[in-house]
Amino acid sequence: MKKRRLQSVTTLLKRFWHFLWYEDSWLSWIVNVILAFVIIKFLVYPGLGFLLGTTHPIVAVVSGSMEHDGSFDDWWHSSALCGNDLCSQEDYYMQYSITKEEFQEFRFPNGFNKGDIMVLLGTPARSLEAGDVIVFQSKRTDPIIHRIINVDGQQGKAIFQTKGDHNQQSIASSSLDEINIREEQIIGRAVLRIPYLGYIKIWFVQLLNPNDTR
């Protein structure tokens with residue numbers, strides 16, 4: 001009886017395996033997609049998070065706030081806002097004692113693009129410094145990925161200021177205050193860029209929500 005039950009289970013598993021890998025049908029394709037989604041979301045993604053020490057090991061860039069227009073020099077001399085006055089990106093970064101030569105030594109000196117995938121590494125706040133690209137949580141739904149331009153201290157804890165390379169200045173609004181980013185808001189530091197692979201996520205989100213214009 002026990003042997004017969006074991007044979008039935010083995011037969012069912014073989015049929016399911018054949019259905020997944022050899023059957024050429026829409027139903028097989030749909031089940032494969034669902035299985036891939038479940039495996040990535042509940043096994044691969046948490047496993048990577050454990051290895052890299054962050055809750056978000058991989059993020060897709062959904063805006064152009066880190067893009068550079070043209071060459072590095074073109075971007076470096078493009079417009080920014082110093083207070084309420086128009087200035088260049090060079091003038092803006094010099095307010096934080098960041099020179100062109102120092103900026104070019106930063107990771108991702110030419111920024112990155114909407115649709116890129118960024119791999120994050122959990123990094124202690126005390127190890128972060130100007131030039132690092134970090135992902136942090138704000139009041140907005142999606143985490144923000146911008147570059148640290150200043151580190152200050154407050155009651156023994158670091159306070160970070162970031163700016164999107166493409167933006168004219170740091171944003172300070174009710175939903176996003178990137179002038180006073182606390183240590184506990186930080187999710188990770190970007191260490192690797194995979195170009196354009198993030199468009200898969202962007203297109204998928206737009207497919208589910210046509211009103212999403214990202």
Side-chain angles (χ1 to χ4, degrees), residues 45 48-49 51-76 78 80-81 89-90 92-152 157-173 175-199 201-202 214:
Y45 197 77
L48 270 178
L51 290 174
L52 297 175
T54 174
T55 55
H56 294 58
I58 296 173
V59 295
V61 181
V62 298
S63 82
S65 65
M66 287 295 290
E67 292 180 357
H68 288 200
D69 295 326
S71 67
F72 182 89
D73 283 335
D74 290 338
W75 167 77
W76 189 246
S78 63
L81 280 174
Q89 294 284 353
E90 177 179 19
Y92 186 90
Y93 287 105
M94 281 306 297
Q95 297 178 114
Y96 301 92
S97 303
I98 299 173
T99 65
K100 176 182 176 182
E101 290 72 24
E102 286 172 331
F103 199 102
Q104 289 177 312
E105 293 295 319
F106 292 162
R107 191 181 285 266
F108 314 114
N110 294 309
F112 42 84
N113 302 312
K114 178 180 178 179
D116 289 350
I117 285 280
M118 306 302 290
V119 178
L120 306 187
L121 181 66
T123 305
R126 62 180 178 281
S127 301
L128 296 172
E129 56 188 9
D132 286 337
V133 173
I134 60 168
V135 172
F136 63 96
Q137 193 66 58
S138 67
K139 291 180 181 176
R140 294 184 181 179
T141 306
D142 291 323
I144 307 296
I145 180 164
H146 280 170
R147 189 186 303 277
I148 295 175
I149 61 170
N150 191 45
V151 183
D152 211 340
K157 289 197 170 184
I159 298 291
F160 300 92
Q161 178 177 351
T162 63
K163 173 183 171 297
D165 288 3
H166 192 269
N167 295 345
Q168 291 189 309
Q169 61 183 357
S170 298
I171 298 171
S173 68
S175 63
L176 172 58
D177 179 5
E178 57 176 340
I179 295 175
N180 296 290
I181 301 167
R182 301 184 307 279
E183 294 180 7
E184 53 269 27
Q185 290 177 255
I186 296 172
I187 294 170
R189 175 172 60 94
V191 293
L192 180 68
R193 170 193 175 213
I194 305 171
Y196 303 118
L197 199 58
Y199 268 111
K201 177 191 173 184
I202 294 172
R214 287 176 298 182

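Just so you know, these numbers come straight off a predicted model, no measurement behind them.
A 4.5 Å side-chain heavy-atom check between Leu128 and Val151 finds every atom pair outside the cut-off. Side-chain contact between Met94 and Thr99 is present, with at least one heavy-atom pair separated by less than 4.5 Å. Put simply, the side chain of Ile187 does not reach to within 4.5 Å of the side chain of Phe136, judged on heavy atoms. Here the side chains of Phe160 and Glu178 are not in contact, with every heavy-atom distance at 4.5 Å or above.
Looking at His166 and Asp69, their side chains do bring a donor and an acceptor atom within 3.5 Å of each other. Looking at Tyr96 and Gln161, their side chains do bring a donor and an acceptor atom within 3.5 Å of each other.
Of the residues Asn167, Ile134, Ile181, Val135, the one that meets the side-chain contact (heavy atoms from CB on, under 4.5 Å) test with His146 is Asn167.
Summarising the geometry, atom CE belonging to Met66 is positioned 16.0 Å from atom NZ belonging to Lys114; distances are rounded to the nearest 0.5 Å. Once rounded to the nearest 0.5 Å, the distance linking CE of Met118 with NE2 of His56 reads 15.0 Å. For the atom pair Ser63 OG and Ile144 CD1, the distance stands at 7.5 Å (nearest 0.5 Å). A distance of 10.0 Å separates CD1 in Ile179 from CG in Asn150, rounded to the nearest 0.5 Å. Distance CG/Asp116 to CD1/Ile194: 9.5 Å, rounded to 0.5 Å. To the nearest 0.5 Å, the span separating CD1 on Ile186 from CD1 on Ile148 amounts to 6.0 Å.
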Distance-only donor-acceptor pairs under 3.5 Å for side chains of residues 103-110, two or more places apart:
residue, atom, partner, partner atom, Å
Arg107, NH1, Val191, O, 2.8

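Of the possible donor and acceptor atoms, one in the side chain of Trp75 sits under 3.5 Å from a partner among the backbone N and O of Asp165. Within the 3.5 Å criterion, the main-chain N or O of Ile58 finds a donor-acceptor partner in the side chain of Tyr45. Of the possible polar contacts, none joining the Thr54 side chain to the Pro57 backbone as a donor-acceptor pair under 3.5 Å is found. With hydrogens and angles ignored, the 3.5 Å screen pairs no side-chain donor or acceptor of Gln89 with any backbone N or O of Ser78.
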Could you walk me through whether Val133 and Arg147 pass the side chain to side chain contact (heavy atoms under 4.5 Å, CB included) check? CA-CA 4 Å; Val133 173; Arg147 189 186 303 277; 3.8 Å; yes
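Here the closest heavy-atom approach between residue Gly70 and residue Asp74 is recorded as CA-OD2, 3.8 Å.
Residue pairs meeting the side-chain hydrogen bond (donor to acceptor under 3.5 Å, both in side chains) criterion with at least one partner in residues 117-139, sequence neighbours excluded, are Thr123-Arg189.
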